[in-house]
Amino acid sequence: SDQSGAQYPMKWEIQCAPLRLNLTVQPAVLNQELRTKESTGVNYWEGAVEVAGTREGRPVKGRGYLEMTGYGGQVMSRLFK
């Protein structure tokens, strides 16, 4: 993130041999970081992701939602101690 300095993993390769499943998951929009300085003080990334790959050799694709916390300094768990 250019705004907070956090380093979020922005692409995943997922493999599941029993299903012959190979997927790539990546953001639909890169800048989906939320900075909550005025409320919880936690920076986190949440938003739309796109999924593409193969299952049993056939192409598959989809969309999803992902939330990542703990990459931008403060973590949510510190709020609940």
Checklist line | Student check: side-chain heavy atoms of Trp45 and Glu67 closer than 4.5 Å | finding: no
Margin query: List the residues meeting side-chain hydrogen bond (donor to acceptor under 3.5 Å, both in side chains) with Glu50, not counting sequence neighbours, and say none if there are none.
Written below: none
Show me the donor-acceptor pairs within less than 3.5 Å that the side chains of residues 11-26 make with the rest of the protein, sequence neighbours left out.
{"from": "Glu13", "atom 1": "OE1", "to": "Thr24", "atom 2": "OG1", "distance (Å)": "3.0"}
{"from": "Glu13", "atom 1": "OE2", "to": "Thr24", "atom 2": "OG1", "distance (Å)": "3.3"}

Next item on the list: Would you check, one step at a time, whether the test side chain to side chain contact (heavy atoms under 4.5 Å, CB included) holds for Tyr44 with Met68?
Entry: CA-CA 6 Å; Tyr44 62 100; Met68 294 184 280; over 6 Å; no
Next item on the list: For residues Gln32 and Ala48, report the shortest heavy-atom separation together with the two atoms involved.
Entry: OE1-N, 2.9 Å
Checklist line | Test item: side-chain donor near acceptor, Tyr8 and Glu33, under 3.5 Å | finding: yes
Check: How long is the span from the CE atom in Met10 to the CG atom in Leu30, to the nearest 0.5 Å?
Finding: 6.0 Å
